[in-house]
Asker: 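Sharing a structure, written as structure tokens. Questions coming.
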Protein chains: 2
Amino acid sequence: MRVTIKDVAKKANVSIATVSRVFNDYSDISDATKNRIKKIAKDMNYVPNLAARTLSSKTQESIACIFNRLDFSTKAPWILEVLSGVYQYTIDVGQKFVFYVTSDEIQNEKTYTQFCYEHNITGAVIGGLTMNDPYYHEIKVTTIPTVIIDMEVDNKFVGTVSVDNKKASEEAVDYLVSLGHHEIAMINGKRETYVSLVREQGYRESLEKNNLMIKKSMVCYTDFEEGAAYEATKVLLRENPEVTAIFCVNDLVAIGALQAVKDLRLSVPGDISIMGFDDIPLAAYVNPTLSTVHQDLEQVAYGGAKLLHSIILKEERESNKLFLPHEITIRESVGQAPS
Amino acid sequence: MRVTIKDVAKKANVSIATVSRVFNDYSDISDATKNRIKKIAKDMNYVPNLAARTLSSKTQESIACIFNRLDFSTKAPWILEVLSGVYQYTIDVGQKFVFYVTSDEIQNEKTYTQFCYEHNITGAVIGGLTMNDPYYHEIKVTTIPTVIIDMEVDNKFVGTVSVDNKKASEEAVDYLVSLGHHEIAMINGKRETYVSLVREQGYRESLEKNNLMIKKSMVCYTDFEEGAAYEATKVLLRENPEVTAIFCVNDLVAIGALQAVKDLRLSVPGDISIMGFDDIPLAAYVNPTLSTVHQDLEQVAYGGAKLLHSIILKEERESNKLFLPHEITIRESVGQAPS
DNA sequence: CTGAAAGCGCTTACAG
DNA sequence: CTGAAAGCGCTTACAG
């Protein structure tokens with residue numbers, strides 16, 4: 001039998017209210033009883049039942065991390081970085097951390113609000129959402145404190161955190177242009193994903209700013225995976241032989257592109273320069289090593305958790321949008337445009 | 001205001017007991033009322049409060065995944081694989097999934113039993129434990145259904161799941177021997193980690209079986225990280241110049257060793273053969289590519305969750321120990337012993 | 001500083 | 001097939 005607050009109260013000859021106060025760090029308890037009860041509780045192996053606590057207090061101060069879908073590539077463990085960043089924040093501020101995974105099924109069964117109510121979630125950092133997820137549309141109008149990773153939403157209850165994907169992409173393409181590239185293609189991800197959208201915007205703005213033509217056939221979409229990127233690159237280069245540089249929506253895609261270029265017996269960066277995004281571990285190991293946009297998702301997630309906390313506490317703040325720094329990381333896969 | 005079972009009951013003109021029965025799929029409810037109540041509940045946006053449910057039913061059928069420490073290398077995202085394997089099992093059988101992280105602090109504050117009671121955990125798959133963790137010793141005698149990843153324990157309430165680390169290591173070293181290597185070193189991980197222990201056992205058994213000398217100076221310990229392995233390898237090769245092959249406790253260590261050998265201007269596998277363990281994504285990308293022992297931790301975790309479920313349900317089963325298959329994966333880093 | 005009591009939102013014997 | 005009622009283990013005004 002597990003020991004409850006009653007057992008402790010009885011043994012200590014106090015009311016359960018007193019025991020409860022001790023465990024909730026109420027200040028108006030004499031140190032004597034406090035210590036006595038703590039000792040007794042410890043000896044009895046007592047721990048408060050979280051479910052009971054949550055139920056009676058109505059508000060469990062916890063920070064949730066929610067992922068939509070747990071699909072991941074071990075090559076690009078960004079979920080882990082996000083998880084870890086949120087977790088670390090909760091540790092640093094002594095908040096309770098909870099983790100949930102949703103799925104398409106869950107999204108169809110119950111609303112985001114319902115999901116949060118069901119799990120007594122005060123606020124959540126949420127990742128892995130795409131623009132056609134029901135939860136994305138709901139979050140645009142929710143009143144539940146929420147922070148979305150890598151997505152922007154205008155709602156005072158919702159924060160958004162990421163690197164400045166648009167600006168970073170623009171810089172990355174600017175860099176290609178600065179090396180003399182005029183025919184720059186982009187291998188993008190899924191259309192429904194927000195980062196695909198903004199990274200493409202950055203790509204377009206760079207081209208426009210530099211007075212370069214934006215050709216429709218030079219942007220193609222993939223599912224963010226190596227294999228799809230490999231095929232897409234082959235098609236793209238066949239149809240656009242003038243291309244000398246490819247900006248990729250992420251490193252996994254870039255690695256697929258790299259392989260495709262090599263298999264076409266073209267050289268990287270001699271014939272084709274390739275630029276990635278994310279700086280996953282593999283980026284420094286592929287051959288040639290990958291130039292890319294470095295971002296620290298653990299820091300992004302940490303910042304997201306902090307922002308969420310601030311929203312929950314209804315603190316004053318300048319903005320609900322937080323951009324963390326990125327860095328263009330130069331390695332071997334990008335070089336001068338062939339003359 | 002969130003809607004509760006009372007609101008639904010009132011609107012439907014039934015007792016809360018009836019609503020509760022509908023949501024728990026009791027069979028003795030007329031289809032008419034059942035559907036009527038479901039519709040009303042849906043229209044009202046009702047979802048049962050999990051905390052209340054847990055509290056009153058005393059037993060929430062959920063499968064927990066617990067990690068001790070959330071420290072990870074993005075290069076070796078095994079935590080994610082375990083998480084995903086357990087999660088996938090719960091999806092497949094329709095069980096609730098919960099995820100918790102413990103820390104040294106938590107281990108010192110409350111016992112494993114207390115932790116599980118507090119969170120109303122029926123059973124847990126637990127990873128990341130070392131042999132000097134308090135929870136490890138407690139789990140040896142716990143009565144809470146538990147499955148440990150990559151560790152063996154004799155307790156009918158506890159299952160253990162992994163590849164056969166000892167056998168796999170023995171095979172890996174056998175393979176080195178078969179290529180003519182007689183002076184085989186091992187760069188091991190932490191002494192407190194169970195896999196270090198058993199993988200070393202496998203290494204020793206192979207040497208013994210093949211009548212090769214086991215020299216104390218030829219096994220050294222690291223913290224499982226690249227950097228430490230790099231240094232250890234340099235020292236080891238300086239002190240044991242006769243070494244022609246190194247068996248590494250995991251791939252991260254192997255990659256560190258690889259770099260050290262290269263920096264010593266020795267060739268891999270010309271002068272020194274290197275064998276890893278795990279087959280992380282990087283293994284196929286380093287130069288030379290890494291020969292290693294492939295394991296599928298997602299499958300291991302999936303099997304672990306299944307075993308846990310069986311323990312929770314008190315099903316008959318042959319054994320509480322589950323070994324999943326591994327595979328010696330040959331790449332470039334291992335070759336014939338230099339003559 | 002401490003207790004009695006209501007209440008959080010459910011489940012589940014017990015009765016009918 | 002359905003309801004009344006006790007109870008799960010806590011928290012928190014209210015009172016003193």
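Every heavy atom of this structure was used, including side-chain atoms; hydrogens, water molecules and symmetry mates were not.
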Asker: Provide, to the nearest angstrom, the distance between the CG atom belonging to B/Asn120 and the P atom belonging to C/dC10.
Answerer: 16 Å

Asker: Rounded to whole angstroms, how far apart are CG on B/Leu50 and P on C/dC10?
Answerer: 10 Å

Asker: Answer yes or no: is there a donor N or O on one side and an acceptor on the other, between the side chain of B/Glu192 and the main chain of B/Thr130, under 3.5 Å?
Answerer: no

Asker: Are any protein N/O atoms closer than 3.5 Å to N/O atoms in nucleotides 14-16 of chain C? If there are, list each pair with its distance.
Answerer:
none

Asker: Given C/dC10, C/dT2, C/dT11, which nucleotide is nearest the side-chain atoms of B/Thr4?
Answerer: C/dC10

Asker: Classify the nucleic acid contact of B/Val22 as base, sugar-phosphate or nothing, counting any heavy atom under 4.0 Å across all strands shown.
Answerer: nothing

Asker: What is the separation between atom NZ on A/Lys10 and atom C1' on C/dT2, rounded to the nearest whole Å?
Answerer: 19 Å

Asker: Between B/Asn155 (side chain only) and B/Phe157 (backbone N and O only), is there a donor and an acceptor less than 3.5 Å apart?
Answerer: yes

Asker: Take the protein atom NZ of B/Lys6 and the nucleotide atom P of D/dA4, then report the distance between them rounded to whole Å.
Answerer: 13 Å

Asker: Using a 4.0 Å heavy-atom cut-off, does B/Thr18 contact any base of the nucleic acid, only the sugar-phosphate backbone, or nothing at all?
Answerer: sugar-phosphate

Asker: Can you measure B/Arg53 atom CZ to D/dG7 atom P for me and round it to whole angstrom units?
Answerer: 22 Å

Asker: Centroid-to-centroid, B/Tyr46 to B/Phe23, below 6.0 Å?
Answerer: yes

Asker: Rounding to an integer number of Å, can you tell me how far B/Ile37 CD1 sits from C/dC10 P?
Answerer: 14 Å

Asker: Could you check how far CG of B/Asn49 sits from P of C/dG7, rounded to whole Å?
Answerer: 18 Å

Asker: Within the 4.0 Å heavy-atom criterion, would you say A/Val19 contacts the bases, only the backbone, or no part of the nucleic acid?
Answerer: nothing

Asker: Look at B/Ser15 and D/dG3 and indicate whether a side-chain polar atom (N or O) is within less than 4.0 Å of OP1 or OP2.
Answerer: yes

Asker: Might you confirm whether atom CG of B/Asp154 has over 12 heavy atoms from other residues, nucleotides or ligands at distances under 6.0 Å?
Answerer: no

Asker: Has A/Ser57 got a side-chain N or O lying under 4.0 Å from the OP1 or OP2 atom of D/dC10?
Answerer: no

Asker: When you check the side-chain N and O atoms of A/Lys306 and A/His309, is any donor under 3.5 Å from an acceptor?
Answerer: no

Asker: Going by side-chain contact (heavy atoms from CB on, under 4.5 Å), A/Ile126 matches just one of A/Tyr100, A/Phe67, A/Tyr136, A/Tyr112. Which one?
Answerer: A/Tyr112

Asker: Identify, between A/Ile16 and A/Lys34, the residue whose nearest nucleotide on DNA chain C lies closer to the 5' end.
Answerer: A/Lys34

Asker: Rounding to an integer number of Å, can you tell me how far B/Tyr26 OH sits from C/dC10 P?
Answerer: 15 Å

Asker: If you check the A/Ala17 side chain, which of D/dC10, C/dT12, C/dG3 turns out closest?
Answerer: C/dG3

Asker: Would you call A/Lys39 and A/Asp43 a salt bridge, using N to O less than 4.0 angstrom?
Answerer: yes

Asker: Reading DNA chain D from 5' onward, which residue's closest nucleotide shows up sooner: B/Ala52 or A/Asn24?
Answerer: B/Ala52

Asker: Is A/Ser20 close enough to D/dT12 that one of its side-chain N or O atoms is under 4.0 Å from OP1 or OP2 there?
Answerer: no

Asker: Any idea how A/His119 and A/Phe115 line up, ring-wise: parallel (<30°), tilted (30 to 60°), or perpendicular (>60°)?
Answerer: tilted

Asker: Could you check whether A/Glu81 and B/Thr74, counting side-chain N and O atoms only, form a donor-acceptor pair closer than 3.5 Å?
Answerer: no

Asker: In which ranges does DNA chain D form stems of 3 or more consecutive Watson-Crick or G-U pairs, distances under 3.5 Å?
Answerer: C:1-3 with D:14-16, C:5-12 with D:5-12, C:14-16 with D:1-3

Asker: Looking at B/Ile16 and B/Ile5, what are the two nearest heavy atoms and their distance?
Answerer: O-CD1, 3.5 Å

